[in-house]
Protein chains: 2
Amino acid sequence: MSMRVRWEGDAFDPGCPTRVVLDRLGDKWTVLIVDILDSGPKRFNEIRLAIGGITPKVLTSTLRSLVADGLLEREVFAEVPPRVEYSLTDLGRSLQEPVAALRRWAEANVAEIVDSRDRHDEAQASAGV
Amino acid sequence: MSMRVRWEGDAFDPGCPTRVVLDRLGDKWTVLIVDILDSGPKRFNEIRLAIGGITPKVLTSTLRSLVADGLLEREVFAEVPPRVEYSLTDLGRSLQEPVAALRRWAEANVAEIVDSRDRHDEAQASAGV
DNA sequence: CCGAATCCTAGACGATACTG
DNA sequence: CAGTATCGTCTAGGATTCGG
């Protein structure tokens, strides 16, 4: 049992890989994928249909990244037809709560943001910009 | 006092603007900007230096988007030298908590993620991929 | 000094068709 | 079913320069 150096990141340090992690969390699909896998393991096309609007190619590459990051596990069953299941790892499950909070915030405030943006656009337009 | 239709978003509906909101939250700098403004109003270069690694142009455009979305307020003071302050609106303040949670998660787990990615890369390499 | 306007590139993302 | 392959697009972000 070796002691591990428990290293804490600092998102405000440009050299810290935390920046990279934040970038990945911020990609277009990660939040939705992590969020939907909270209800249990899912197959490729289950995820694809649940999310909607994501192409197979993009889903593949996003899932790959998440597996590499240790957030998801990919399990292949030797069956015909083939079956592949994706599920959250412990690390992935620990991300689910913050990520769901962000999604809930977005859902709760989307109306206000859209309003604000419309008002802003009008103001710009009437200013002749 | 008019009743407003309180419309709730659904991030899993491709047609819902919640998707757009999530995209914005996920850009490279929004999390850090919202987070740092929690400690009070800041000037352009204060934000720039606090974050580190962001160019003026990108900071300008990100701030503009956040103002348009109603998350930030931009206040110009007629002074010499000129002074401009950015601060969180109420809406922005409501975002700070979920966003800080995400940053904290990233900071706490960056080591594990980097490890996982390294191990994954090695496994790929030794498999001759 | 505080920022804004221009130009440019990398890579994320999408559409479509195809394979083991 | 679960992806690959190919091509095209779009824009966030970076380097640089300019105005007030």
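Reminder, nothing fancy here: chain letters follow the sequence lines and each chain counts from 1. Note that the structure is a prediction, hence the values are computed from the model and not measured.
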Open item on the list: Counting the atoms with a prime plus P, OP1 and OP2 as sugar-phosphate, which does B/Arg74 contact under 4.0 Å by heavy atoms, base, sugar-phosphate, or nothing?
Closed with: sugar-phosphate
Task: All pairs passing salt bridge (charged side-chain N to carboxylate O under 4.0 Å, His left out) where residues 75-95 of chain A contributes a residue, at least two apart - done: A/Glu79-A/Arg83, A/Arg83-A/Glu85, A/Asp90-A/Arg93
Open item on the list: Working to the nearest 0.5 angstrom, can you tell me the gap between A/Glu73 CD and A/Leu91 CG?
Closed with: 12.5 Å
TODO: Starting at CD1 of A/Ile54, measure out to CD1 of A/Ile47 and round the result to the nearest 0.5 Å.
DONE: 9.0 Å
Task: A/Leu59 side, atom CG; A/Phe44 side, atom CZ - distance, nearest 0.5 Å - done: 4.0 Å
TODO: To the nearest Å, give me how far apart CG (A/Leu59) and C1' (D/dG3) are.
DONE: 10 Å
Open item on the list: Over all strands shown, is B/Arg64 touching base, sugar-phosphate only, or nothing at heavy-atom distances under 4.0 angstrom?
Closed with: sugar-phosphate
Open item on the list: What is the first contacted nucleotide of DNA chain C and what is the last, in 5' to 3' order, if contact means an atom lying under 4.0 angstrom from a heavy atom of chain A?
Closed with: C/dC13 to C/dG20
TODO: Find the distance A/Phe77:CZ to D/dA2:P and express it as a whole number of Å.
DONE: 11 Å
- [ ] At under 4.0 Å between heavy atoms, which parts of nucleotides 10-20 of chain D does protein reach? Answer with one letter per nucleotide, 5' to 3': B base, S sugar-phosphate only, - none.
- [x] ---BBB-----
Task: Residue-phosphate contact under 4.0 Å: A/Arg83 side-chain N/O, D/dA2 OP1/OP2 - done: no
- [ ] With salt bridge (Lys or Arg N to Asp or Glu O under 4.0 Å) as the test, would you mind laying out the steps for B/Glu97 and B/Arg104 before giving the verdict?
- [x] CA-CA 10 Å; B/Glu97 192 32 54; B/Arg104 275 184 254 110; 3.2 Å; yes
- [ ] State, to 0.1 Å, how close B/Val20 and A/Arg117 come at their nearest heavy-atom pair, and which atoms those are.
- [x] CG1-NH1, 3.7 Å
Task: Test item: A/Thr60 side-chain N/O and A/Pro56 main-chain N/O as donor-acceptor pair under 3.5 Å - done: yes
Open item on the list: Quick check: closest heavy atoms across B/Gly15 and B/Asp13, and the distance to 0.1 Å?
Closed with: N-OD1, 2.8 Å
- [ ] Provide, to the nearest angstrom, the distance between the CD1 atom belonging to A/Ile47 and the C1' atom belonging to D/dA2.
- [x] 11 Å
Open item on the list: Just the rounded figure in Å: distance from C1' of D/dC1 to CG of A/Leu49.
Closed with: 12 Å
Task: Rounded distance [0.5 Å steps], CG in A/Leu102 versus CG in B/Leu22 - done: 6.0 Å
Open item on the list: Please confirm whether the shortest side-chain N or O distance from A/Tyr86 to OP1 or OP2 of D/dC1 is below 4.0 Å.
Closed with: no
TODO: Would you mind classifying the nucleic acid contact of A/Val80 as base, sugar-phosphate or nothing, using non-hydrogen atoms under 4.0 angstrom?
DONE: nothing
